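In what follows, a structure is listed as structure tokens, so that the remarks can point back to it.
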Amino acid sequence: QVQLVESGGGLVQPGGSLRLTCAASGSIFRINAMGWYRQAPGKQRELVAHIISGGNTNYADSVKGRFTISRDNAKNTVWLQMNSLKPEDTAVYYCNANVRRSGALGSYYYWGQGTQVTVSS
């Protein structure tokens, strides 16, 4: 089994910063890619940022220049540094990972439980 645990969400004023952390644990052979998604009330879940094991990244247009995704392959951990936060960034943020488990042939996607980010004055 694989578990993803997020932390770092909270309430912040517009223009402020937060750093989200997601740590993966369990019977992991390799993590191919990790990413952050978010879902605001009444909206579909959307990709925020994505990083593969080699370090290549991609971002949603709405967060480019403000958010930075990074990872530590040895620690199976990914971070999302969020700067210049706006009220429209308010959402539940979910960690996602494409994982090959130890002893398994294929790779599967796993999700964290989500962490609330609220941007409000």
Side-chain angles (χ1 to χ4, degrees):
Q1 191 63 290
V2 174
Q3 298 83 36
L4 302 180
V5 178
E6 301 114 330
S7 61
L11 173 64
V12 63
Q13 292 186 341
S17 298
L18 282 175
R19 188 188 196 208
L20 305 183
T21 300
C22 173
S25 62
S27 56
I28 298 170
F29 175 75
R30 182 179 65 239
I31 299 180
N32 300 313
M34 301 185 82
W36 290 94
Y37 289 71
R38 66 187 181 186
Q39 187 166 19
K43 295 187 176 181
Q44 290 188 331
R45 191 172 296 188
E46 62 175 1
L47 174 69
V48 175
H50 178 261
I51 184 168
I52 63 174
S53 58
N56 287 349
T57 59
N58 68 289
Y59 296 90
D61 288 343
S62 59
V63 307
K64 284 181 180 177
R66 300 188 297 122
F67 291 10
T68 302
I69 188 170
S70 59
R71 67 184 283 182
D72 184 325
N73 293 332
K75 295 181 179 179
N76 292 331
T77 299
V78 65
W79 297 272
L80 184 68
Q81 177 66 43
M82 306 185 293
N83 299 327
S84 302
L85 282 160
K86 304 175 181 180
E88 50 264 43
D89 294 317
T90 296
V92 178
Y93 284 70
Y94 296 91
C95 178
N96 174 268
N98 182 255
V99 179
R100 180 176 174 185
R101 292 171 55 188
S102 301
L105 295 179
S107 298
Y108 301 89
Y109 286 96
Y110 295 87
W111 291 91
Q113 80 286 355
T115 184
Q116 176 70 46
V117 172
T118 302
V119 185
S120 175
S121 55

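These numbers come from a predicted model, not from an experiment.
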Taking distance alone, no hydrogens or angles, what donor-acceptor pairs closer than 3.5 Å link side-chain atoms of residues 97-107 to residues at least two apart or in another chain?
{"residue": "N98", "atom": "OD1", "partner": "N32", "partner atom": "ND2", "Å": "2.7"}
{"residue": "R100", "atom": "NE", "partner": "A104", "partner atom": "O", "Å": "3.1"}
{"residue": "S107", "atom": "OG", "partner": "N32", "partner atom": "ND2", "Å": "3.0"}

Checklist entry - Can you get from Y108 to I28 by hopping between Ile, Leu, Val, Met, Phe, Trp and Tyr side chains that sit under 4.5 Å apart? => result yes
Checklist entry - Any side-chain heavy-atom pair from W79 and D72 closer than 4.5 angstrom? => result yes
Next on the checklist: Tell me whether K86 is salt-bridged to D89, with the criterion being a basic N under 4.0 Å from an acidic carboxylate O.
Outcome noted: no
Item to check | Euclidean distance, Q3 CD relative to S27 OG, rounded to 0.5 Å | outcome: 8.0 Å
Checklist entry - Quick one: does T90's side chain have a donor or acceptor within less than 3.5 Å of a partner on V119's backbone? => result yes
Checklist entry - Going by atom types alone, do R38 and Y93 pair a side-chain donor with an acceptor below 3.5 Å? => result yes
Checklist entry - So, do R71 and I69 sit near enough that their side-chain heavy atoms are less than 4.5 Å apart? => result no
Mind listing the side-chain donor-acceptor pairs of residues 50-58 below 3.5 Å, one per line with the distance, residues two or more places apart or on another chain?
{"residue": "H50", "atom": "ND1", "partner": "N58", "partner atom": "OD1", "Å": "3.2"}

Checklist entry - With distance as the sole test, does T77 use its side chain to make a donor-acceptor pair with the main-chain N or O of K75 at under 3.5 Å? => result yes
Checklist entry - Does Y37 reach the side chain of Q44, with side-chain heavy atoms less than 4.5 Å apart? => result no
Checklist entry - Does the side chain of V92 reach to within under 4.5 Å of the side chain of V117, using non-hydrogen atoms? => result no
Checklist entry - So do the side chains of M34 and N96 get within less than 4.5 Å of each other, counting heavy atoms only? => result no
Checklist entry - Below 4.5 Å, heavy atoms only, C-beta onward: do Q39 and Y94 meet side chain to side chain? => result yes
Item to check | Point-to-point distance, once rounded to the nearest 0.5 Å, from SG of C22 to OH of Y110 | outcome: 13.5 Å
With a 3.5 Å cut-off and sequence neighbours excluded, list the donor-acceptor pairs that the side chains of residues 6-19 form with protein atoms.
{"residue": "E6", "atom": "OE1", "partner": "Q113", "partner atom": "N", "Å": "3.0"}
{"residue": "E6", "atom": "OE1", "partner": "Q113", "partner atom": "NE2", "Å": "3.3"}
{"residue": "E6", "atom": "OE1", "partner": "G114", "partner atom": "N", "Å": "2.7"}
{"residue": "E6", "atom": "OE2", "partner": "C95", "partner atom": "N", "Å": "2.6"}
{"residue": "E6", "atom": "OE2", "partner": "G114", "partner atom": "N", "Å": "3.3"}
{"residue": "S17", "atom": "OG", "partner": "N83", "partner atom": "OD1", "Å": "2.9"}

Next on the checklist: Just so I know, are the side chains of L80 and F67 near enough to count as touching, which here means a heavy-atom distance under 4.5 Å?
Outcome noted: yes
